[in-house]
2 protein chains.
Amino acid sequence: MTTVPPGTKAEPCARIERGQGCGVERCGLCEARAVSICNAIEEDQLSELARATTVVELAPGEVFRNEGASPEYLFNIISGSVKLFKLLADGRRAVIGFLTVGDFIGFGRPDAVPCSAEALTNVRLCRFERGKFRVLLETYPKLERRLLAVASDEVAAGQEHMTLLGRLTADERVARFLLARAEASQRLGGSSKDLELPMTRSDIADYLGLTIETVSRVFTRLRRKGLIDYKTARSVTLQDRPGLLAISEGG
Amino acid sequence: MTTVPPGTKAEPCARIERGQGCGVERCGLCEARAVSICNAIEEDQLSELARATTVVELAPGEVFRNEGASPEYLFNIISGSVKLFKLLADGRRAVIGFLTVGDFIGFGRPDAVPCSAEALTNVRLCRFERGKFRVLLETYPKLERRLLAVASDEVAAGQEHMTLLGRLTADERVARFLLARAEASQRLGGSSKDLELPMTRSDIADYLGLTIETVSRVFTRLRRKGLIDYKTARSVTLQDRPGLLAISEGG
DNA sequence: CGTCATGTTGATTGAGCTCAATCCATGTGG
DNA sequence: CCACATGGATTGAGCTCAATCAACATGACG
């Protein structure tokens with residue numbers, strides 16, 4: 001079990017860039033536009049969108065959203081990877097999910113942020129002030145519809161993960177994790193075979209409800225069986241997709 | 001571990017009542033209106049709402065929504081209790097949640113129902129055809145906003161549950177479950193001390209990622225310690241709330 | 001080069017699972 | 001009204017998968 005010493009709060013010292021590329025240009029040229037909720041907003045209204053946002057840059061390890069705090073900002077990920085997590089009073093940690101390009105950060109009750117968010121890599125975020133975001137939602141029904149669809153997806157994904165946490169064995173969990181990663185990679189135009197894992201074994205363990213040691217053991221076991229391969233812990237190759245699928249389904 | 005013999009699909013033979021109380025009356029007098037998403041729709045437009053809905057009655061055990069199927073209908077619970085669940089190929093089951101009066105059933109990807117739904121008690125449902133519901137959303141922005149808020153809540157609740165499943169001990173899980181039940185009961189105007197549990201130990205186990213036996217053991221352990229009491233398995237009294245809270249937090 | 005974070009591997013332990021017996025409430029048919 | 005089947009719940013005994021404890025390897029970095 002990984003535990004976090006209480007009182008380890010990363011500095012919220014994010015470098016902020018403003019107004020690089022005014023209005024339409026910035027949002028129009030945004031690398032995440034194609035896969036983010038922003039594409040619910042028409043080309044000719046992008047300048048209004050740009051005016052409501054600030055681009056933020058983060059280094060690995062920076063925590064930019066704290067569980068329990070009042071949700072001042074909402075975010076879209078422009079580039080890089082992020083993890084969401086919750087801490088228990090005694091330091092136990094649960095990683096709720098890993099997010100990347102195009103993903104939206106901001107669901108939850110209106111009064112308190114449901115979980116903390118930390119940059120895994122260098123990250124560029126598109127930041128919305130809460131009030132301004134609400135106005136955007138009211139102005140652009142398409143955006144709201146889009147967001148509802150995304151939230152609805154998120155609910156389903158959460159249910160899937162609950163099933164994993166409640167009922168799968170360690171091997172099944174890791175196999176599913178790798179397959180899900182492969183799918184995510186593919187969705188963003190990357191390889192579905194060679195995976196770059198931006199998170200540590202500890203993050204994976206806290207995500208899968210296991211310990212670091214167990215995750216490590218399952219990885220080596222899968223490697224010995226020839227289902228995966230890797231030179232470094234962070235870059236894995238899926239050698240036998242059907243085999244992984246079989247394991248992920250309890251084979 | 002509870003498993004379900006493959007091929008056990010309950011008959012979808014729901015008694016359907018139509019047009020009892022026309023238009024405004026039915027929705028206006030609905031017992032669930034105060035706590036459901038429908039209250040986002042103004043009094044004077046309730047007849048349109050009523051026209052889009054059908055009231056359905058179910059007996060305990062009836063499955064009215066199947067994981068993987070195309071989502072033809074969405075529901076609001078008027079009365080009674082429902083469980084959502086997922087089955088694995090080998091019969092393992094994960095209970096995703098328990099729903100009651102006012103709760104909405106219908107989030108998920110647009111192509112496939114994320115989990116099955118079964119009546120725990122006698123249940124009255126307000127059923128929306130998918131197409132008609134979409135029209136309602138487009139017609140009443142307030143309804144859409146409301147639904148987004150509910151979905152957003154659901155995301156947060158799901159994250160909470162993932163933390164429970166991934167990182168809590170059996171005792172902590174059961175304690176949290178009981179406290180959550182108490183809160184839910186109170187929210188609907190019931191007692192926060194005397195709980196009626198509409199679900200079996202098996203349901204609770206599949207919800208908490210435990211086995212029936214473990215759930216049973218924790219219940220008796222909590223009773224021996226004087227934290228709870230019960231005559232029948234289904235009706236529990238919380239004797240020592242602070243004690244339960246302490247346990248739920250790892251005390 | 002030493003330090004620190006991360007990852008791997010081994011040995012042992014233990015919380016929760018499995019298997020099995022029993023209990024108990026409810027319903028059913030003779 | 002009783003016998004008995006049935007489905008849920010409880011309890012005990014033993015086992016197992018993953019956790020814990022511990023040692024060591026590796027690699028990045030000042």
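Computed from a predicted structure; not experimentally measured. To find a chain, count down the sequence lines: A is the first, B the second, and so on, and within it residues start at 1.
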*Asks:* Go nucleotide by nucleotide along DNA chain C from the 5' end; which of B:V215 and A:T200 gets its closest nucleotide reached first?
*Replies:* A:T200

*Asks:* Quick one: pull up CG in A:L87 and CZ in B:R167 and give me the separation to the nearest 0.5 Å.
*Replies:* 11.5 Å

*Asks:* Give me the ring orientation class for A:Y207 and A:H161: parallel if the planes are under 30° apart, tilted from 30 to 60°, perpendicular past 60°.
*Replies:* parallel

*Asks:* Quick one: label B:T169 by what it contacts on the DNA or RNA (base, sugar-phosphate, nothing), any heavy atom closer than 4.0 Å.
*Replies:* sugar-phosphate

*Asks:* Can you tell me the distance, in whole Å, between the CD1 atom of B:I228 and the P atom of D:dA9?
*Replies:* 13 Å

*Asks:* Measure from the side chain of A:I212, starting at C-beta and using heavy atoms only, and say which of D:dA9, C:dG16, C:dT8 lies closest.
*Replies:* C:dT8

*Asks:* Without decimals, in angstroms, what is the distance between A:L208 CG and D:dA18 P?
*Replies:* 12 Å

*Asks:* Return the SG to CZ distance between B:C115 and B:R93, rounded to the nearest 0.5 Å.
*Replies:* 13.0 Å

*Asks:* Atom CG in B:L164, atom CG in A:L88: separation rounded to 0.5 Å?
*Replies:* 9.5 Å

*Asks:* What nucleotide, of D:dT10, C:dT9, C:dG16, holds the atom closest to the side chain of B:Y230?
*Replies:* D:dT10

*Asks:* Rounded to the nearest 0.5 Å, what separates atom CD1 in B:I204 from atom CZ in B:F177?
*Replies:* 4.0 Å

*Asks:* Using whole Å, report how far CZ of A:R92 lies from C1' of C:dA15.
*Replies:* 13 Å

*Asks:* Reckon A:T220 touches a base, only the sugar-phosphate, or nothing at all at heavy-atom distances under 4.0 Å?
*Replies:* sugar-phosphate

*Asks:* For every nucleotide of nucleotides 22-30 of chain D, 5' to 3': is a protein heavy atom under 4.0 Å from its base (B), only from its sugar-phosphate (S), or from neither (-)?
*Replies:* ---------

*Asks:* Would you mind reading off the distance between A:F219 atom CZ and C:dT6 atom C1', rounded to a whole angstrom?
*Replies:* 14 Å

*Asks:* CG of A:L125 to CZ of A:R65: how many Å apart, nearest 0.5 Å?
*Replies:* 10.5 Å

*Asks:* Would you tell me if any nitrogen or oxygen in the side chain of B:T214 comes within less than 4.0 Å of OP1 or OP2 on C:dC17?
*Replies:* yes

*Asks:* If only side-chain N and O atoms of A:T211 are considered, is one of them under 4.0 Å from the OP1 or OP2 phosphate oxygen of D:dT20?
*Replies:* no

*Asks:* Between P on D:dG8 and CG on B:L197, what's the gap in Å once rounded to a whole number?
*Replies:* 15 Å

*Asks:* Out of C:dG16, C:dT6, D:dA18, which nucleotide sits closest to the side chain of B:L210?
*Replies:* C:dG16

*Asks:* Could you give the CG-to-P distance, from A:L222 to C:dT9, as a whole number of Å?
*Replies:* 13 Å

*Asks:* To the nearest Å, how far apart are B:L168 CG and C:dG16 P?
*Replies:* 10 Å

*Asks:* If the helix axis at each end comes from five base pairs, how far does the helix from C:dC1-D:dG30 to C:dG30-D:dC1 deviate from straight, to 10°?
*Replies:* 30°

*Asks:* To the nearest 0.5 Å, what is the distance between CE on B:M199 and CD on B:E118?
*Replies:* 12.0 Å

*Asks:* From CG of B:D171 over to P of C:dC17, roughly how many Å is that when rounded to an integer?
*Replies:* 12 Å

*Asks:* When B:R176 is tested against each of B:E183, B:E249, B:E160 for salt bridge (Lys or Arg N to Asp or Glu O under 4.0 Å), which residue passes?
*Replies:* B:E160

*Asks:* Name the nucleic acid region contacted by A:R234, choosing base, sugar-phosphate or nothing; use a 4.0 angstrom heavy-atom cut-off, strictly under.
*Replies:* sugar-phosphate

*Asks:* Quick one: side chain to side chain contact (heavy atoms under 4.5 Å, CB included) partners of B:S36, sequence neighbours excluded?
*Replies:* B:C38, B:N76

*Asks:* Indicate the ring-plane relationship of A:F219 and A:Y230, choosing parallel, tilted or perpendicular according to the 30° and 60° boundaries.
*Replies:* perpendicular

